[in-house]
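Keep in mind the model is a prediction, meaning the values are calculated, not measured.
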Amino acid sequence: MSLALVQSRALLGLEAPPVTVEVHLANGLPSFTLVGLADVEVKEARERVRSALQNAGLEFPHNKRITVNLAPADLPKDSGRFDLPIALGILAASGQIDAALLAGYEFAGELSLSGGLRPVRGALATSLALRGLPVPVRLVLPPGSAEEAALVPDALVWRARHLLDVVRQFLPAGSNTDRGADPSDDGGWARMVAMPLQARASHPDMADVKGQAGAKRVLEIAAAGGHSLLLVGPPGSGKSMLAQRFAGLLPAMAVDEALQSAAVASLVGRFLLDHWALRPTCSPHHTASAVALVGGGSPPRPGEISLAHHGVLFLDELPEFPRAALEALREPLETGHITIARAARRAEFPAQFQLVAAMNPCPCGYLGAAQRACRCTPDQVARYQAKLSGPLLDRIDLHIEVPALPLADLLGAPAGEGSAAIAQRVAQARQRSVARQGGTNQSLQGQAIDTHVLLEPAAAQFLQTAAGRLGWSARATHRTLKVARTIADLAGVQNTQTAHVAEAMQYRRTLRSA
């Protein structure tokens, strides 16, 4: 047979559209032509496939005109994921394997020159794309990628270490090698099983933080309601230490949340099995650009906000970030997703993250500190704080000052409350909000705020009077209501009372000026 079809998949953001690898062998001048809007690394597959077949002891049709088409032709293809399907297509077209046996399989994998298989990006996205198909499809992937793809429940995933491990499964009937025998004595061909939803690694414990009862209280509120948070304090007061332990207060991830988070990390090759079902904490440096934070490039790649999906985005030294990068966070903070639009391609990535930001109150860092005097002028303080725009600060639900502890309190204080106890209260509050409205309090919008906040009349009058005097925007007022609802859930009461509103209002204080 001179024509063979092999199924694979491309990557377009988090989507994995199907690709049919068509291989045709014809008489004529010997050549190897690859068409179908292939990127440079895909075109380089010609040399990898040729060497892999020869070094594996298989026959490469040198005397044929080889044409490989990656259909559909208008879908861009990149990476070396098509090496394995191209090699199998050549073997099927030349009669070395049975093309009919390839039906019901999809393949992806990069070939080494010796025929070994190397992992590819986006294995989880590929497996998720097969999840909703009406007919089950078996997926063959290299080591490293197969383990990722098998995390999807009920996925049919096989791992192959070498090209020959795959070829043995599709030999024609009556060949010398027994196709029914299991060639997995060395683990070359094996069926993957799903890993249980259990995080292997763990987050640092909040018990390491001494003192800072006010900051811990705010972190508990933020974790219970899904709120964003800004920590303001002098250097060494514990802002980064608190933020690094915040993810340990969040509830355990559900299966769908873990799959979505791992799929985004897999797109950029940052997924580790040891971090399966562990909420991510992304901490980009303050020199990161807007593209690095929200995503971009050609083809579009996810940024830090998407890599922090269902986790925490920690921005230390917040005013030092480029202004364009900070302003790019405004829309994702509201919508929970980001759309990367380019002239040739468009991709959408999820971005449901919790923002935890930290900053000093002034350039020298000691404005309002008891241990050291601030040496900044009022103009310097104003310019420093003005690096954060009003619309961005308006979208951060909780603002809290983190004072520096006196040395005597730092050395003599006992260990603080552990993350496990705080996380238990957070989980109970989350259960109340989910049972009431189907999601976190931070996600309430429009009429749902009036319906589910359950604000008492006295509390409503108190908030209206205070917001009018402080000149708050409608967004600030609504976010205060959501925080007050979270405080009520932590207290285990049905209605939002005046005390809950008053506490929530304390966490929206503006930055202190000199």
Side-chain angles (χ1 to χ4, degrees), residues 14 16 119 121-132 139 141 143-157 159 191-206 219-220 222-226 243-283 302 304-314 336-337 349-356 418-431 433-434 438-440 442-443:
L14 269 179
R121 296 184 297 104
L124 256 176
T126 303
S127 186
L128 286 171
L130 301 178
R131 189 182 188 184
L139 185 61
L141 291 170
S145 298
E147 289 81 356
E148 289 183 23
L151 294 175
V152 178
D154 302 325
L156 303 176
V157 181
R159 182 193 64 202
R191 168 76 184 275
M192 294 289 100
V193 295
M195 183 185 298
L197 190 66
Q198 180 178 358
R200 298 184 182 180
S202 60
H203 296 284
D205 199 335
M206 191 66 74
L219 261 66
E220 181 177 343
Q244 291 164 357
R245 285 154 177 77
F246 177 69
L249 308 182
L250 299 175
M253 300 182 80
V255 176
D256 287 342
E257 291 179 340
L259 287 174
Q260 293 172 13
S261 177
V264 177
S266 176
L267 289 180
V268 295
R270 285 173 52 173
F271 174 70
L272 299 174
L273 286 175
D274 289 340
H275 292 172
W276 166 240
L278 188 70
R279 292 191 182 271
T281 298
C282 295
S283 306
E304 294 291 332
I305 63 173
S306 297
L307 294 172
H309 184 53
H310 292 310
V312 180
L313 178 67
F314 175 44
H337 66 270
F349 298 103
Q352 293 182 6
F353 61 94
Q354 281 194 245
L355 174 64
V356 178
S419 296
I422 302 175
Q424 184 176 3
R425 296 196 297 269
V426 167
Q428 293 173 354
R430 282 273 186 113
Q431 290 173 1
S433 64
V434 171
T440 62
Q442 191 276 335
S443 62

Handout entry: R430 side chain vs A224 backbone, donor-acceptor pair below 3.5 Å
Key = yes
Practice task
Enter the distance from L151:CG to L273:CG here, rounded to the nearest 0.5 Å.
Solution key: 6.0 Å
Practice task
Would you give the length of the straight line joining atom CZ of R245 to atom CD1 of I422, rounded to the nearest 0.5 angstrom?
Solution key: 11.5 Å
Practice task
Go through the structure and list residues passing side-chain hydrogen bond (donor to acceptor under 3.5 Å, both in side chains) with T126, not counting sequence neighbours.
Solution key: R81
Handout entry: Side chain proximity check, L141 to E147, heavy atoms < 4.5 angstrom
Key = no
Completion exercise
Minimal heavy-atom distance between A247 and T281, with the atoms involved, is CB-OG1, 3.4 Å
Problem - Salt-bridge criterion met for E304 and R270 (N-O under 4.0 Å) - result: yes
Problem - Straight-line distance of R191 CZ to R159 CZ, nearest 0.5 Å - result: 13.0 Å
Handout entry: Heavy-atom donor-acceptor pair, S419 side chain to D205 backbone, under 3.5 Å
Key = no
Handout entry: Interatomic spacing from CD in E148 to CZ in R121 - rounded to 0.5 Å
Key = 11.5 Å
Handout entry: Partner residues of A243 under the side-chain contact (heavy atoms from CB on, under 4.5 Å) criterion, sequence neighbours left out
Key = F314, V356
Completion exercise
S127 and A149 have their tightest heavy-atom pair at OG-O, 2.9 Å
Handout entry: Heavy-atom pair with the smallest gap, counting every atom of A146 and V157
Key = O-CG1, 3.7 Å
Practice task
Would you please name every residue forming a side-chain contact (heavy atoms from CB on, under 4.5 Å) with A223, sequence neighbours left out?
Solution key: F246, L249, L250, V426
Exercise for the section: Examine distances only and state if a side-chain atom of S306 and a backbone atom of P350 form a donor-acceptor pair shorter than 3.5 Å. Expected result: yes
Practice task
Check step by step if side-chain contact (heavy atoms from CB on, under 4.5 Å) holds for M253 and L278.
Solution key: CA-CA 7 Å; M253 300 182 80; L278 188 70; 5.8 Å; no
Problem - Donor-acceptor contact present, side-chain S266 to main-chain G122, <3.5 Å - result: yes
Problem - Spacing of CD1 belonging to I305 relative to SG belonging to C282, to within rounding of 0.5 Å - result: 10.5 Å
Handout entry: Candidates Q260, R279, Q352 - the one meeting side chain to side chain donor-acceptor pair (under 3.5 Å) with H309
Key = Q260
Completion exercise
Looking only at heavy atoms, the pair that brings A263 and L128 closest together is CB-CD1, 3.9 Å
Exercise for the section: Could you check if a side-chain atom of P280 sits within less than 4.5 angstrom of a side-chain atom of V312, using non-hydrogen atoms only? Expected result: no
Completion exercise
M206 and G418 have their tightest heavy-atom pair at CB-C, 4.4 Å
Handout entry: From CD (Q354) to NE2 (H310), nearest 0.5 Å
Key = 11.5 Å
Practice task
Take L259 and W276 through the test side-chain contact (heavy atoms from CB on, under 4.5 Å) and record every step on the way to the result.
Solution key: CA-CA 9 Å; L259 287 174; W276 166 240; 3.7 Å; yes
Exercise for the section: Indicate yes or no: at least one non-hydrogen side-chain atom of V264 is less than 4.5 angstrom from one of L14. Expected result: yes
Exercise for the section: Flag the pair F349 / L267 as yes when at least one side-chain heavy-atom distance between them is below 4.5 Å, and no otherwise. Expected result: yes
